[in-house]
Number of protein chains: 2
Amino acid sequence: METPHHCQMCLSHQKSTFSDLSNDAKDELSRLKTCVSFRKGQVIIHEGARPQGVYCIHRGKVKLYTMGTEGKEQIIRFITNGELIGYRSLLSDEAISASATALEDTFACYIPKSSFFKVIEENPKFSLKLLKMSCHELGEAGKMITSLAQKNVKERLAEILLILRATFGEDEEGYLDISLTREEIANMVGTATESVIRLISELKKEGYISSKGKRIAVSDRSALQQIANIFE
Amino acid sequence: METPHHCQMCLSHQKSTFSDLSNDAKDELSRLKTCVSFRKGQVIIHEGARPQGVYCIHRGKVKLYTMGTEGKEQIIRFITNGELIGYRSLLSDEAISASATALEDTFACYIPKSSFFKVIEENPKFSLKLLKMSCHELGEAGKMITSLAQKNVKERLAEILLILRATFGEDEEGYLDISLTREEIANMVGTATESVIRLISELKKEGYISSKGKRIAVSDRSALQQIANIFE
DNA sequence: GGCAAGCAATGACTTTTATCATATCTTTGA
DNA sequence: TCAAAGATATGATAAAAGTCATTGCTTGCC
């Protein structure tokens, strides 16, 4: 695909992981990067492979997931504007532990391994930022582990709906600005598709959410927080 | 408690996170650190607090856990010789997300926040090592998430037993060199204590493990791998 | 516009896991 | 060394979640 026009500015994108770099460093990165795009459903990186670079999402939505037993996807988290894909395995020097697939048409920069490491070595502050990011993710992963281990399916579903709302926000009509199948929701919650469908119906009857086709709207946030046992 | 003799050398301990530092840097750290020790059962850092430094375990075994609903512990991972406690929240500048408690008498160095950051800033290689560490942990956390979400209790128990064996090794008699109650094992596996007890009995009957009191020995590793769906 | 494919919804039933109750074994400390 | 506390073991039962089968709804495509 050709270089899209908006890619010229993507490193400076406000939320980009690279946004704090000096102009010099950004200029250099711009020379080294490639602009790429992925259609909805396209795999960006694949579990088990050895990464040769990182992707910085400029615009789009991506799911990060591992394949569990019986080929069932487990969605670990979502990646959106400004965030990186593939840095984990590059930095830990391991095979890619989670595949990434575009949930909608997605535009990204590709930065080759060597350039990425060069930026890290020459910009201690950037390196520290990555460290901060990965440590934050570690905390989030810990929370997810505790939820999966201790909460029941309904509690987890309520939690995930709140996470989706916080991550992707709402459209003009109040629906979550992300389109997921019930199966994908089940693959985040860690349960069977039918269970998610049943519980979504239940939450709807109780008046805490509404839905139309695959689109879901959170109508009572604090009720969901209570169901999910989130006190904040 | 007084400075134990062996603490003189703890930074140079072969497996220590700090072992690759230059001698100068290690000397400086030695002046800044304090040696501390914890009795079995003592809390080292507490969820929700703001950390003022990191601990580097010289000798001992520590569990890292978050408190879930109803005050139930969820053990995230174990920390042992050479590994750090508290670096995650220090680096992400967040409250401590997981408590740490000594599983046996434990000796550690305490490095104040300012000194820790000084080492990071002055030693890019060390910073990169931390980055590598945290990225590795992220991968491990992802695996744990997938297991909890997709495997049943018996599969997860088999997996945890293998992890314990890999982490702590065996004593002269072949027992896992870590003493955990059935409740603690349940708090790793993410299930009820009774379920763990039942399944340990089952694995014993099937001849894959043996046990004597709380001590457990893995007798058929590949059978456990098969049960846990681990192919490596 | 209509048809096929994929997705969502729901009921019936099974399996897994949790909970409660109680008994027995280990450990620890006076 | 013995008693009490704490841990382990096991059975009975209940609750939660998974699986299978079927129907109906959306959506996208010719």
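Note on naming: letters A, B, ... go to the chains in the order of the sequence lines (proteins, then strands), and numbering restarts at 1 for each one.
Residue I197(B) places its side chain closer to dA9(D) than to any other of dA9(D), dA8(C), dG18(D). Distances from the side chain of K204(B) to the nucleotides dT19(D), dA9(C), dA9(D) place dA9(D) closest. Across dG18(D), dA8(C), dA9(D), the shortest atom-to-atom separation from the side chain of R182(B) is found for dA9(D). Taking every side-chain heavy atom of K214(B) into account, dT8(D) is the closest of dT8(D), dT10(D), dA21(D). Closest to the side chain of A192(A), from the set dT19(D), dT17(C), dC20(C), is dT19(D). The listed nucleotides are dC7(C), dC20(D), dT10(D); the one nearest the side chain of T181(A) is dC7(C). Taking the side chain of R198(A) as heavy atoms from C-beta on, and the options dT19(D), dA21(C), dA12(D), the nearest nucleotide is dT19(D).
The residues E159(B) and K151(B) are annotated as salt-bridged, a charged nitrogen and a carboxylate oxygen being separated by less than 4.0 angstrom. A salt bridge links E202(A) with K154(A); the closest basic N to acidic carboxylate O contact falls under 4.0 Å. With respect to the salt-bridge test (charged N to carboxylate O, under 4.0 angstrom), the residues R39(B) and D105(B) qualify.
To the nearest angstrom, C1' of dT8(D) lies 16 Å from NZ of K212(B). In this entry the distance linking CD1 of I185(A) with C1' of dA17(D) reads 18 Å, nearest Å. Rounded to an integer number of Å, the gap from CG of N152(B) to C1' of dT14(C) is 15 Å. In this structure, CD of E194(A) is placed 16 Å from P of dT15(C), rounded to the nearest angstrom. The distance from atom CG of L157(A) to atom P of dG18(D) is 12 Å, rounded to the nearest whole Å. Between the CD atom of E202(B) and the P atom of dT8(D) there is a distance of 18 Å, rounded to whole Å. Rounded to whole Å, atom P of dT8(D) lies 16 Å from atom CG of L203(B). Atom CZ in R215(A) sits roughly 14 Å away from atom C1' in dT27(D) (whole-Å rounding).
If you check every strand for non-hydrogen atoms under 4.0 Å, T191(B) touches sugar and phosphate atoms only.
A 4.5 Å side-chain heavy-atom check between L203(B) and E206(B) finds at least one atom pair inside the cut-off.
Taking the six-membered ring where tryptophan is involved, the planes of Y55(B) and Y110(B) are tilted, since the angle between them lies from 30° to 60°.
No N or O donor and acceptor, one from the side chain of E183(A) and one from the base of dC7(C), sit under 3.5 Å apart.
With DNA chain C read from its 5' end, the first of the two nearest nucleotides for L199(B) and G213(B) is the one closest to L199(B). DNA chain C is contacted by both K205(A) and A149(A); K205(A) maps to the nucleotide lying nearer its 5′ end (nearest heavy atom per residue).
Phosphate proximity of dT10(C) to S201(A): present, with a side-chain N or O under 4.0 Å from OP1 or OP2.
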